[in-house]
Protein chains: 2
Amino acid sequence: MGNGAAGVTIYDVAQAAGVSIKTVSRVINGAPNVRPGTAAAVQRAIDDLGYRPNAAARSLAAGRNDTIGVIVDRLQDPFFGQIVAVAEARALELGMDVLVASTGVEGHRATAHLARLVQRGVAGMLIAPFGDDDPIWREIPRDRPVVLIDRRCGVQGLDVVRADDEQAAKAAVEHLITHGHKRIAFLGAPLRFSTVSDRLDGYLAALAAHGIPADPTIIETHCADATDSTQLLRPRLDAAAPPTAVFSSTPMIAEGVVRALALAGRRDVAHVAFGDFPLADVTSPPTTVIDQCPETLAHAAMDRLLARISGTELAPEDIVLPTRLIPRGSGELLPPPDAPQTRNDMKRTKVTAMEVRQ
Amino acid sequence: MGNGAAGVTIYDVAQAAGVSIKTVSRVINGAPNVRPGTAAAVQRAIDDLGYRPNAAARSLAAGRNDTIGVIVDRLQDPFFGQIVAVAEARALELGMDVLVASTGVEGHRATAHLARLVQRGVAGMLIAPFGDDDPIWREIPRDRPVVLIDRRCGVQGLDVVRADDEQAAKAAVEHLITHGHKRIAFLGAPLRFSTVSDRLDGYLAALAAHGIPADPTIIETHCADATDSTQLLRPRLDAAAPPTAVFSSTPMIAEGVVRALALAGRRDVAHVAFGDFPLADVTSPPTTVIDQCPETLAHAAMDRLLARISGTELAPEDIVLPTRLIPRGSGELLPPPDAPQTRNDMKRTKVTAMEVRQ
DNA sequence: AAGACTCTTGACAGCGCTGTCATCCAGTCG
DNA sequence: CGACTGGATGACAGCGCTGTCAAGAGTCTT
């Protein structure tokens with residue numbers, strides 16, 4: 001009984017139960033071929049002594065480990081919070097634990113974390129790679145299961161579970177176009193995030209599909225955080241030919257956009273954000289979002305990771321999950337009747353992603 | 001060079017460097033009394049072979065462990081996200097790792113997690129206990145450092161790091177009173193959270209200090225989540241003598257309050273929330289909050305935990321940190337000039353916490 | 001009834017590392 | 001110049017557990 005005096009070992013249990021340590025080991029691990037009576041006696045001894053197997057000894061002896069590592073940017077971000085929460089819940093079902101590692105907003109700690117988790121002997125890792133072609137990710141160990149979530153990275157041969165960024169962004173922008181918008185600003189995080197890059201492609205594809213020229217002056221991809229998006233959107237709202245709608249490429253950026261609009265007292269600018277966020281439904285007007293269903297993503301990624309950990313052989317796959325648009329009001333605003341036409345209407349008809357990316 | 005083929009052991013390094021494993025061990029651990037030349041040779045061998053010490057073997061042999069466990073309600077909650085983030089950052093500084101455990105919104109998994117973390121041999125734990133007098137917390141092992149954060153729990157003899165809930169709540173309510181409010185609703189999570197209980201005490205103390213009778217009909221302590229607070233506030237707004245101000249006891253509840261007010265189109269109800277939350281500044285009107293500075297709390301808790309882990313002897317302490325009120329608008333609204341007087345003005349002058357808690 | 005199995009159980013050798021204690025050697029000192 | 005000191009290094013015994021292999025005890029065949 002009682003709260004397990006530390007220091008109780010398998011030997012103590014064996015002695016108390018009058019069996020060998022191996023039998024105790026069998027009982028602990030639910031191994032077959034132990035007579036019920038023996039198992040019961042051992043179990044009683046375990047309970048009486050408050051024995052808890054030593055995880056370190058166990059993983060040393062068995063050579064395996066029931067810990068998985070999760071690497072994300074920021075634990076504070078609800079998106080990643082949800083991912084870690086799902087990972088933890090799923091791991092728990094299998095009696096595994098989760099070691100968290102956040103790379104920080106610049107990804108500085110990524111390399112160190114990768115090394116640490118390997119050293120810790122994690123059975124597998126769930127990684128939201130920070131930055132697309134960052135050489136850091138080349139260091140991802142290939143000797144154990146790794147699943148990338150949310151973002152791709154330059155590395156080949158790994159499972160990736162992500163939202164259909166390009167299609168979803170395209171759908172979002174078309175949603176705005178359908179409501180009559182032609183000047184739609186793109187506010188994005190840096191393009192080294194594969195997600196943002198894909199979303200920009202979707203944005204451009206939507207414009208192109210509707211014969212709307214892309215205007216580089218309202219495409220911003222240098223927002224590191226919400227403060228940036230607020231500050232970078234502000235002057236554009238006051239410009240000669242202001243956008244009548246804004247597409248935010250991430251929830252964080254959307255936060256800054258909502259703030260910029262609120263500060264400017266503008267309720268006439270349409271807004272669709274990629275990624276749902278808390279209180280999106282009570283902004284004025286409520287923010288229309290693309291829900292990328294972080295939990296679904298996380299579950300899919302964990303399915304994959306846990307399958308690999310349990311030994312299933314799988315070919316690396318790029319799993320792209322659908323998203324859904326949640327219209328709440330801001331994305332359904334119509335442009336003002338006197339909205340100026342696109343400034344460059346006559347001059348050019350197409351901007352390629354390449355050009356924009358300069 | 002290269003990405004450390006797993007399976008390289010200290011023996012391989014020793015052989016490559018022409019020394020004994022013990023010397024390698026010394027180098028790895030930065031032990032004194034190793035000739036610089038020897039150390040350099042060993043280091044070279046380590047680098048060449050891509051050797052990484054096996055954490056399991058290490059903690060088994062040394063009997064210590066450089067992992068700390070953090071138990072919180074929900075990782076998705078930015079408040080806890082911040083706490084875990086700080087814990088992780090601080091742990092990393094010392095080369096330690098963080099094992100996360102979320103108890104779920106009802107705290108169901110708490111016991112299991114406690115056991116798991118102990119079994120994993122964590123060096124210490126940071127726990128945000130769910131529920132005050134929940135017997136679960138009696139199971140907290142006393143054989144290793146534990147620091148409680150944010151909330152107390154029935155257990156004695158443990159460090160607690162928390163905000164000054166009662167004083168902060170009192171200040172918040174007095175802030176409303178100063179602006180002329182007399183009918184101030186209290187929306188709270190269940191009182192088994194020590195924080196909520198303390199905040200209710202602060203609320204009652206503020207009313208009492210100003211001779212305002214507490215009205216149990218506008219004191220609600222059964223909000224499990226934001227949905228509840230929305231639904232429970234709604235009818236009260238339409239009641240005969242509606243509150244002219246609302247005090248939300250947690251950010252989650254505040255979210256529901258903001259939503260209820262937005263849905264009802266009410267911008268005239270003053271609102272002060274305990275705990276800052278994202279976009280609080282862009283609600284209509286912007287939400288006045290008490291910032292409990294989660295990061296500061298987390299740092300203070302980690303200071304304590306890491307000190308204990310490193311062997312410092314400390315008497316258990318209840319560390320209460322100050323908060324600050326951030327006026328943003330909603331808390332500074334004045335009550336309507338024709339606001340009805342408190343319904344019970346003549347009938348009673350004081351409600352004790354006891355009564356309210358029925 | 002002896003051989004062939006199957007089910008239970010145990011002895012024992014590590015897993016990779018650290019702590020303890022012994023050893024060796026270059027200086028120091030009386 | 002021999003005893004003495006302290007730094008540098010290594011031999012070795014575990015840490016607590018699991019995997020392997022063998023042995024003992026029944027059970028089933030023919």
Side-chain angles (χ1 to χ4, degrees), chain A residues 4-43 45-46 49-67 95 118-123 143 311, chain B residues 4-43 45-46 49-67 95 116 118-123 143:
Chain A
V8 180
T9 76
I10 200 170
Y11 288 93
D12 303 320
V13 176
Q15 187 163 32
V19 298
S20 75
I21 58 165
K22 185 62 211 182
T23 297
V24 177
S25 171
R26 289 196 178 93
V27 173
I28 298 168
N29 294 288
N33 301 338
V34 175
R35 208 180 312 166
T38 312
V42 170
Q43 191 56 55
I46 288 175
L49 272 51
Y51 167 73
R52 300 206 174 291
N54 176 317
R58 206 173 229 207
S59 74
L60 177 60
R64 43 187 161 55
N65 191 67
D66 43 1
T67 302
V118 171
Q119 173 170 343
R120 274 284 190 292
V122 294
D143 61 346
Chain B
V8 179
T9 76
I10 200 170
Y11 287 92
D12 302 320
V13 176
Q15 187 163 32
V19 297
S20 76
I21 58 166
K22 184 64 213 183
T23 297
V24 176
S25 171
R26 289 197 177 92
V27 173
I28 298 167
N29 294 289
N33 300 339
V34 176
R35 208 180 315 165
T38 311
V42 170
Q43 191 57 54
I46 289 175
L49 273 51
Y51 167 73
R52 301 205 171 294
N54 175 318
R58 206 174 229 207
S59 75
L60 177 60
R64 41 188 160 56
N65 191 71
D66 43 3
T67 302
R116 309 185 55 66
V118 170
Q119 172 171 346
R120 274 285 190 293
V122 294
D143 61 346

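The sequence lines fix the lettering, A, B, ..., with proteins before strands; numbering per chain opens at 1.
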ask   = CZ/A/Arg120 to OG1/B/Thr67 distance, rounded to the nearest 0.5 angstrom?
value = 4.0 Å

inquiry  = Surrounding CD of A/Gln15 (heavy atoms of other residues, nucleotides or ligands, distance under 6.0 Å), is the total greater than 12?
reply    = no

note = So OG1 of A/Thr23 and CG of A/Asn33: to nearest 0.5 Å the spacing works out to 11.0 Å

inquiry  = Is any side-chain heavy atom of A/Ile28 closer than 4.5 Å to one of A/Arg58?
reply    = yes

key: Close side-chain approach of A/Val24 and A/Val19, heavy atoms under 4.5 Å   = yes

remark   = Protein-proximity profile, nucleotides 9-19 of chain C, B/S/- by nucleotide at the 4.0 Å heavy-atom cutoff, equals BBB--BBBBBB

